[in-house]
K.L.:
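Below are the structure tokens for one structure; questions will follow.
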Protein chains: 2
Amino acid sequence: MKIPLRQHHRSIEFRGACPMSVYDYLEFKHLKSIVAIAEEGTITAAATRIALAQSALSRQINELEDALHIQIFERDRGGMTITPAGESLLRFARELLQTRIDVVKAVQAIHQATMRPFRLGFTPFIEHQVISTVCDAYRDLFPKGSIHPENGDTEGVIKRLRAAELDAALVTLPVLPDGYCIQPVMHEPLVVCIRKDDPFAAQSELPAESLNGRLAIFSDPRHHPRAHERLLEMLEGQGIKPKISNPTFNSEHVQWMVRERLCIALIRQSEPLHEDLTTRPIEGVNWTIDSAIAYREEHDQEALPLLLRDLEKRFSVAEPRPHKKPPQRATERQEQQRLSFGGQNNKSS
Amino acid sequence: MKIPLRQHHRSIEFRGACPMSVYDYLEFKHLKSIVAIAEEGTITAAATRIALAQSALSRQINELEDALHIQIFERDRGGMTITPAGESLLRFARELLQTRIDVVKAVQAIHQATMRPFRLGFTPFIEHQVISTVCDAYRDLFPKGSIHPENGDTEGVIKRLRAAELDAALVTLPVLPDGYCIQPVMHEPLVVCIRKDDPFAAQSELPAESLNGRLAIFSDPRHHPRAHERLLEMLEGQGIKPKISNPTFNSEHVQWMVRERLCIALIRQSEPLHEDLTTRPIEGVNWTIDSAIAYREEHDQEALPLLLRDLEKRFSVAEPRPHKKPPQRATERQEQQRLSFGGQNNKSS
DNA sequence: GGCCGTCCATCGCAATAAAGTATTGGACTC
DNA sequence: GAGTCCAATACTTTATTGCGATGGACGGCC
């Protein structure tokens with residue numbers, strides 16, 4: 001059991017401000033070895049997998065454990081089994097190794113073509129704040145890169161994404177996750193916009209029936225057919241027949257129509273309101289608009305993995321929405337079966 | 001310019017499933033070197049700092065650049081300046097090196113004492129969902145670790161945190177950030193709870209005057225003196241004189257009093273309501289309750305850095321709140337000058 | 001119980017990779 | 001034109017890794 005304390009002939013440790021900490025014993029190659037051993041179960045098998053001699057691998061791990069004072073594996077007969085400490089280490093090993101790959105790819109891209117500009121599509125339904133957060137993240141990660149946001153309607157954006165004319169796109173769900181992946185970035189409640197002097201304004205939540213025949217839908221089927229359909233489905237599910245009206249994006253038009261008592265309207269909770277108007281949730285449902293970033297799995301944009309990784313940090317995942325939902329990891333929950341509806345499913349545990 | 005392509009004597013590359021990718025050339029030591037060179041400006045200085053010979057460092061970087069086909073530095077007279085590609089790499093180098101330290105520390109701790117249990121304080125003001133998200137994160141990172149949530153009033157929790165009897169604490173702001181650090185986890189709007197048949201329920205927002213003399217405050221100065229003070233300040237700032245009442249935590253008591261027309265009350269937007277009650281925001285202000293996790297800067301809990309890192313991902317930072325706020329990084333914005341008030345300062349850019 | 005196979009640890013030795021020392025050469029300064 | 005600073009290179013030394021072989025521990029099998 002020799003201690004592999006690096007013994008440079010002449011005094012090291014004193015020179016500069018860098019006393020060679022113990023952490024330096026851990027290198028990426030060790031992480032690779034750990035993953036291999038954990039997955040193969042024996043040093044012998046792991047050694048062949050990572051093209052190393054069995055003896056070398058055995059030494060490597062023993063010395064690492066020794067230097068770090070960690071026992072990573074338990075030596076049973078018949079192989080190595082990972083310890084609790086090793087289990088946590090393994091988790092990070094995988095993460096770090098993947099990050100290394102992503103970083104190298106991205107940096108190579110920056111160098112080679114001074115990196116291809118990141119083409120980010122977005123639809124009119126995406127809040128400006130979301131777009132700028134994404135752009136900020138990108139510029140923060142790649143100061144010399146460039147990001148080109150381009151807008152378009154949902155179908156067009158998705159089509160261009162699929163055709164690799166975009167590297168990623170900010171869209172609102174639902175979209176068919178066909179040929180691309182989705183990572184959610186924000187959820188925003190849908191509420192009903194009514195006049196303050198509307199009789200129903202006295203209530204904190206509007207019963208679904210009260211909307212029947214009054215609620216106008218302004219979403220344009222051409223701009224986001226799936227969301228439009230989904231919305232109609234959801235309304236139908238609550239027994240609400242929407243009023244027919246001409247599609248528009250213009251929030252002021254919508255509010256004007258409500259003010260003129262021509263209808264009431266579904267809008268986002270965060271939308272700034274005219275002073276005569278107010279909003280109310282619909283009783284018993286918890287509809288939200290979900291924004292997500294979509295990207296091709298087989299992307300050729302080297303900046304993408306790191307951008308996604310960073311966005312995960314920047315955007316909400318735990319929803320501080322009225323009534324608690326079970327906290328979930330972003331990667332598991334995304335799905336386009338919500339325009340969204342939350343409705344009854346609060347408090348599943 | 002020899003190519004340092006690792007030439008194992010006998011054919012490697014074919015053995016297992018691990019064809020030795022180019023990414024393997026990048027090791028943590030390279031990241032250290034890159035950071036050192038970038039900070040020192042010359043190879044010579046960097047070499048002494050990281051206890052390496054100048055020649056070794058020069059070669060190391062040259063071979064790395066060569067293997068990865070990246071130019072990281074520009075060789076000027078008088079030193080090395082970093083390239084755009086290097087700039088991005090540098091960013092990740094720092095991040096990864098820090099993560100390595102955090103990981104090793106945490107894993108060491110797991111091994112040594114099978115890891116000291118994580119003592120997480122929380123106050124009655126913290127939503128259960130927040131606590132369980134934190135606990136989930138911990139257990140996810142350290143499957144064999146244990147986390148002990150303990151509740152207490154704010155002052156007690158802070159005191160025990162400072163006395164190192166707790167490793168971290170979930171508290172609501174404001175707290176004096178004295179001797180410890182704070183990372184926000186959630187913001188939740190405060191709204192006024194009123195009866196549905198209250199005349200003011202017809203309005204979507206309540207003017208501040210309408211609360212005068214009617215709004216009862218149930219927060220207990222003993223449980224969170226600073227928040228209590230702050231709340232009174234905020235009310236005073238709006239010209240609201242609160243009604244005196246006995247402190248209570250029990251939300252049902254509060255709602256019962258509102259139902260009995262004894263008062264109206266400030267509550268969290270997400271609180272489940274009795275069917276006779278509703279909530280309204282106060283006009284012109286945007287008060288929120290901010291939950292944060294507090295911890296000593298000189299912690300001895302090795303799990304803490306990785307937990308904080310993970311929580312950053314799990315919790316909202318971009319606030320999908322009514323009216324956009326500028327997106328900010330979590331670490332910069334925390335401060336206890338909000339109980340919080342948002343009020344006029346929306347849309348600062 | 002004895003035999004065999006598997007697997008990990010260890011050792012000696014050889015080959016390679018990495019770091020050290022010393023030197024060179026360019027560029028800039030005075 | 002000598003001095004200085006710096007990176008790069010030549011050459012030497014050290015450290016790491018590979019290879020092959022051995023031993024111990026365990027379990028299965030006859």
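By convention in this document, chain letters (A, B, ...) are assigned in the order of the sequence lines, proteins followed by strands, and residues within each chain are numbered from 1. No experiment lies behind these values; they were computed from the predicted model shown.
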K.L.:
Minimum heavy-atom separation for A:I34 and A:F73, please, with both atom names.
P.N.:
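Heavy atoms only, the tightest pair is O-CZ, 3.7 Å.
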K.L.:
So, is A:K29 near the phosphate of D:dT17, with a side-chain N or O under 4.0 Å from OP1 or OP2?
P.N.:
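A:K29 to D:dT17 OP1/OP2: side-chain N or O found under 4.0 Å.
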K.L.:
How would you list, by chain and number, every residue that makes a salt bridge (charged side-chain N to carboxylate O under 4.0 Å, His left out) with A:E74, sequence neighbours excluded?
P.N.:
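Counting only residues at least two positions away or on another chain, A:E74 forms no salt bridge (charged side-chain N to carboxylate O under 4.0 Å, His left out).
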K.L.:
Salt-bridged, A:E27 to B:K32, with N to O below 4.0 Å?
P.N.:
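Not counted as a salt bridge, because no side-chain N and carboxylate O are separated by less than 4.0 Å.
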K.L.:
Can a salt bridge be assigned to the pair A:R119 and A:E150 using a cut-off of 4.0 Å between side-chain N and carboxylate O?
P.N.:
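No salt bridge links A:R119 with A:E150.
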K.L.:
List the residues meeting side chain to side chain donor-acceptor pair (under 3.5 Å) with B:S33, not counting sequence neighbours, and say none if there are none.
P.N.:
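Side chain to side chain donor-acceptor pair (under 3.5 Å) list for B:S33, sorted by chain: B:Q60.
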K.L.:
Rounded to whole Å, please give me the gap between CD in A:E74 and P in D:dA25.
P.N.:
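Interatomic distance, CD of A:E74 to P of D:dA25: 17 Å.
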K.L.:
Taking atom C1' of C:dT16 as reference, at what distance in whole Å does atom CD of B:E63 sit?
P.N.:
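After rounding, the reported distance stands at 13 Å.
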K.L.:
Taking OP1 and OP2 of C:dA18, is either one under 4.0 Å from a side-chain nitrogen or oxygen of B:R59?
P.N.:
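Looking at the OP1 and OP2 atoms of C:dA18, neither is under 4.0 Å from any side-chain N or O of B:R59.
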K.L.:
Report the nucleotide, chosen from D:dA7, D:dA8, C:dT21, that has the shortest atom-to-atom distance to any side-chain atom of B:T42.
P.N.:
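Taking heavy atoms from C-beta onward, the closest nucleotide is D:dA7.
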K.L.:
Rounded off to whole Å, could you give me the CG-to-P distance for the A:D24 and C:dA18 pair?
P.N.:
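To the nearest whole Å, that distance equals 17 Å.
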K.L.:
Establish, with yes or no, whether the OP1 or OP2 oxygen of D:dA7 is under 4.0 angstrom from a side-chain nitrogen or oxygen of B:N62.
P.N.:
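No, no such contact exists.
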K.L.:
Considering only D:dT9, C:dC8, D:dC6, which nucleotide approaches the side chain of B:S58 most closely?
P.N.:
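Out of D:dT9, C:dC8, D:dC6, the nucleotide with an atom closest to B:S58's side chain is D:dT9.
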K.L.:
Could you state the atom-to-atom distance from CG of B:D66 to P of D:dT9 in whole Å?
P.N.:
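One finds 10 Å between P of D:dT9 and CG of B:D66, rounded.
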K.L.:
Taking atom P of D:dA8 as reference, at what distance in whole Å does atom CZ of B:F73 sit?
P.N.:
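Roughly 11 Å, once rounded to whole Å.
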K.L.:
List the residues meeting side chain to side chain contact (heavy atoms under 4.5 Å, CB included) with A:H69, not counting sequence neighbours, and say none if there are none.
P.N.:
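A:H69 satisfies side chain to side chain contact (heavy atoms under 4.5 Å, CB included) with no residue once adjacent residues are dropped.
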K.L.:
Report which part of the nucleic acid A:T44 touches: base, sugar-phosphate, or nothing (heavy-atom distance under 4.0 Å, all strands).
P.N.:
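It contacts sugar-phosphate atoms only.
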K.L.:
Phosphate oxygens OP1/OP2 of D:dC6: is one of them under 4.0 Å from a side-chain N or O of B:R75?
P.N.:
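No, outside the criterion.
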K.L.:
Between C:dA19 and B:Q60, counting only base atoms on the nucleotide and side-chain atoms on the residue, is there a donor-acceptor pair under 3.5 Å?
P.N.:
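When only heavy-atom distances are counted, B:Q60 does not reach the base of C:dA19 through any donor-acceptor pair under 3.5 Å.
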K.L.:
Quickly work out the B:L57 CG to D:dT9 C1' distance and round it to whole Å.
P.N.:
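Distance check: B:L57 CG to D:dT9 C1' gives 15 Å.
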K.L.:
So, under a plain 3.5 Å distance rule, would you say the side chain of A:Q54 forms a donor-acceptor pair with the base of C:dA9?
P.N.:
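Side chain to base: pair found, below 3.5 Å.
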K.L.:
Would you list the protein and nucleotides 26-30 of chain C atom pairs, both N or O, that sit under 3.5 Å from each other?
P.N.:
none

K.L.:
Which nucleotide sits closest to the side chain of A:I43: D:dA8, D:dG18, C:dA9?
P.N.:
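Taking heavy atoms from C-beta onward, the closest nucleotide is C:dA9.
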K.L.:
In whole Å, what is the span from the CG atom of B:L52 to the P atom of D:dA15?
P.N.:
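Computing the B:L52:CG to D:dA15:P distance gives 14 Å.
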K.L.:
Between C:dC11, C:dC7, C:dG20, which nucleotide gets closest to the side-chain atoms of A:S55?
P.N.:
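Looking only at heavy atoms from C-beta outward on A:S55, the closest nucleotide is C:dC11.
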K.L.:
Partners of A:R75 by side chain to side chain donor-acceptor pair (under 3.5 Å), sequence neighbours excluded?
P.N.:
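Testing A:R75 for side chain to side chain donor-acceptor pair (under 3.5 Å), a comparison that skips the adjacent residues, returns A:N62, A:E65.
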K.L.:
Applying side chain to side chain donor-acceptor pair (under 3.5 Å), name anything that partners B:Q98, two or more places apart in sequence or on another chain.
P.N.:
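Per chain and number, B:Q98 pairs via side chain to side chain donor-acceptor pair (under 3.5 Å) with B:D102.
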K.L.:
Looking at the side chain of A:A56, which of C:dA19, D:dA21, D:dT17 is the nearest nucleotide?
P.N.:
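From the listed options, D:dT17 comes nearest.
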K.L.:
Whole angstrom is fine here: how far is it from CG in B:L64 over to P in C:dA17?
P.N.:
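Roughly 16 Å, once rounded to whole Å.
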